[in-house]
Amino acid sequence: MPLPAPHLRDVVTAYLRRHPEEQPLLKPLLDRIAAGHDVTDRGQFDGHITTSGVVINDADDVLLILHLASGRWIQPGGHPEVTDATLGEAVLREIAEETGVTALEPFGDDIPVHIDVHTIAARPGKNEPAHIHYDVRYLFRARGPVHLQLQAEEVGGAQWRPPSALGDPVLRARVLASLGRPREDRPVDEDPYCTLIVITDTAATKVLMHLRDDKPGLWAPSTWAPMRPREFV
C-alpha cells in the first residue's frame with residue numbers, strides 16, 4: 001500500500017505551520033494530494049515525494065554519502081516503498097540500506113527540518129522525463145560509535161563532514177541552527193559541491209573565473225580578471 005494521503009498531508013501542513021513562507025512552494029504538492037494522486041509513485045513526473053536524513057554524530061558532524069547516480073556527496077535517502085507505513089519509516093529504512101546505520105533518534109521533534117523542491121534531469125535510458133522531487137528531510141542523532149556498511153550498488157563512499165559541507169543552503173542553515181551554531185559560509189577550496197574552473201587567455205594575461213554552484217546545471221557568472229604572477233601555480 002502507498003503511504004496514506006492523510007499522513008502525507010499532515011507532514012506537509014505541520015512543516016508549513018513552522019515555515020509558512022514556503023506555502024506557495026508546496027501548494028502544488030498539497031493540491032496533488034487533495035486530488036487523490038499517489039505522490040509517492042516515482043512515475044508521477046509532475047512531482048513525487050522522496051525522503052532523506054541528515055545524521056549527526058556525537059562530534060556534531062554530518063554523514064554524507066557519494067551518490068553514484070549523481071556523482072554528488074549528499075545525505076542518504078531515496079523513494080518510499082510500499083512496505084513503509086510513514087515517511088519516518090521510509091527515511092530510516094533508506095539510511096539503514098545505504099549506510100548500515102540503524103541506531104538513530106530524532107533530533108528534536110518529528111517535523112521535517114526541510115522540504116526541498118528540485119528538478120531531476122531527464123534519464124532517457126530509463127524512459128524518465130525531467131521531473132520534480134519533493135524531498136522531505138529529517139534530522140537524526142547517532143549516539144556512540146557508528147559502524148558503516150555501505151550499499152555498494154548505490155553508494156561510492158561516506159564521510160563525516162562539518163554541517164557547513166551540506167550542499168543546500170537552507171538545509172545547512174537549519175542544521176546549524178539546530179546545533180546552536182551560526183551560519184557558516186564555506187570556502188570554495190573546502191566545498192565538495194563547488195568547482196572553480198580557471199581558463200587563461202592566449203597571452204596568459206587574464207583569467208576566466210567560473211564557479212559552479214551546488215545544484216546541477218547552475219553556474220555563477222564568469223568574470224575575466226587580471227592574472228598576477230604565480231597566482232594559480
Side-chain angles (χ1 to χ4, degrees), residues 2-3 8 12 15 22 24-33 37-54 62-82 84 87 90-91 93-95 97-99 112-138 150-159 161 165-175 186 188 191-199 208-222:
L3 291 176
L8 300 174
V12 178
Y15 174 81
E22 296 182 28
L25 189 66
L26 296 177
K27 184 178 184 299
L29 175 60
L30 288 173
D31 288 346
R32 290 181 61 76
I33 294 172
H37 295 282
D38 178 9
V39 295
T40 64
D41 180 0
R42 66 183 68 195
Q44 295 284 322
F45 297 122
D46 287 337
H48 60 260
I49 285 177
T50 59
T51 186
S52 62
V54 178
V62 300
L63 179 59
L64 298 181
I65 61 169
L66 177 58
H67 186 239
L68 293 177
S70 66
R72 299 177 62 205
W73 288 91
I74 58 177
Q75 66 275 6
H79 291 82
E81 302 288 352
V82 295
D84 299 320
L87 282 173
V91 68
R93 175 188 51 76
E94 285 287 342
I95 293 171
E97 288 177 355
E98 293 184 341
T99 70
V113 66
H114 186 214
I115 300 180
D116 184 52
V117 185
H118 55 267
T119 301
I120 300 298
R123 298 174 180 173
K126 294 187 175 182
N127 294 318
E128 291 182 358
H131 57 279
I132 295 172
H133 276 182
Y134 293 92
D135 192 39
V136 181
R137 297 166 169 179
Y138 291 89
L150 305 184
Q151 186 180 38
E153 298 82 3
E154 298 186 14
V155 179
Q159 294 182 353
R161 298 293 305 276
L166 289 164
D168 187 291
V170 175
L171 178 63
R172 181 167 66 246
R174 290 182 184 169
V175 171
R186 299 168 300 169
V188 170
D191 190 339
Y193 301 99
C194 292
T195 303
L196 181 65
I197 296 180
V198 177
I199 305 173
L208 181 65
M209 309 294 291
H210 203 55
L211 181 64
R212 188 187 190 285
D213 199 1
D214 63 333
K215 296 285 188 181
L218 297 181
W219 297 79
S222 303

Do R123 side-chain atoms and E128 backbone N/O form a donor-acceptor pair below 3.5 Å?
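Pair absent, no side-chain N/O of R123 close to backbone of E128.
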
Tell me if a side-chain donor or acceptor on E154 pairs with a main-chain N or O of A69 at a distance below 3.5 Å.
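No, because the side chain of E154 does not come within donor-acceptor range (under 3.5 Å) of the backbone of A69.
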
Would you call the rings of Y15 and H114 parallel, tilted or perpendicular if under 30° counts as parallel and over 60° as perpendicular?
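Tilted, since the angle between the ring planes falls between 30° and 60°.
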
Closest non-hydrogen atom pair between [X] and [Y], with its separation:
X	Y	answer
E22	R174	OE2-NH2, 2.6 Å
E97	Q151	O-CB, 3.2 Å
D84	A90	OD2-CB, 3.4 Å
I120	H118	CD1-CD2, 3.7 Å
Y134	L25	CE2-O, 4.2 Å

What distance separates [X] [atom1] from [Y] [atom2], expressed to the nearest 0.5 Å?
X	Y	atom1	atom2	answer
R42	I49	CZ	CD1	13.5 Å
I115	L171	CD1	CG	12.0 Å
H37	H48	NE2	NE2	14.5 Å
L66	Q159	CG	CD	8.5 Å
E98	L63	CD	CG	10.0 Å
L150	I65	CG	CD1	8.0 Å

Checklist entry - Please walk me through it: do Q75 and D135 pass side chain to side chain contact (heavy atoms under 4.5 Å, CB included)? => result CA-CA 11 Å; Q75 66 275 6; D135 192 39; 4.0 Å; yes

So [Y] and [X], do their side chains get closer than 4.5 Å, heavy atoms only?
X	Y	answer
V91	I95	yes
L29	V39	yes
V82	T40	no

Would D168 and R137 satisfy side chain to side chain contact (heavy atoms under 4.5 Å, CB included), going step by step from the backbone distance to the final call?
CA-CA 11 Å; D168 187 291; R137 297 166 169 179; 3.5 Å; yes

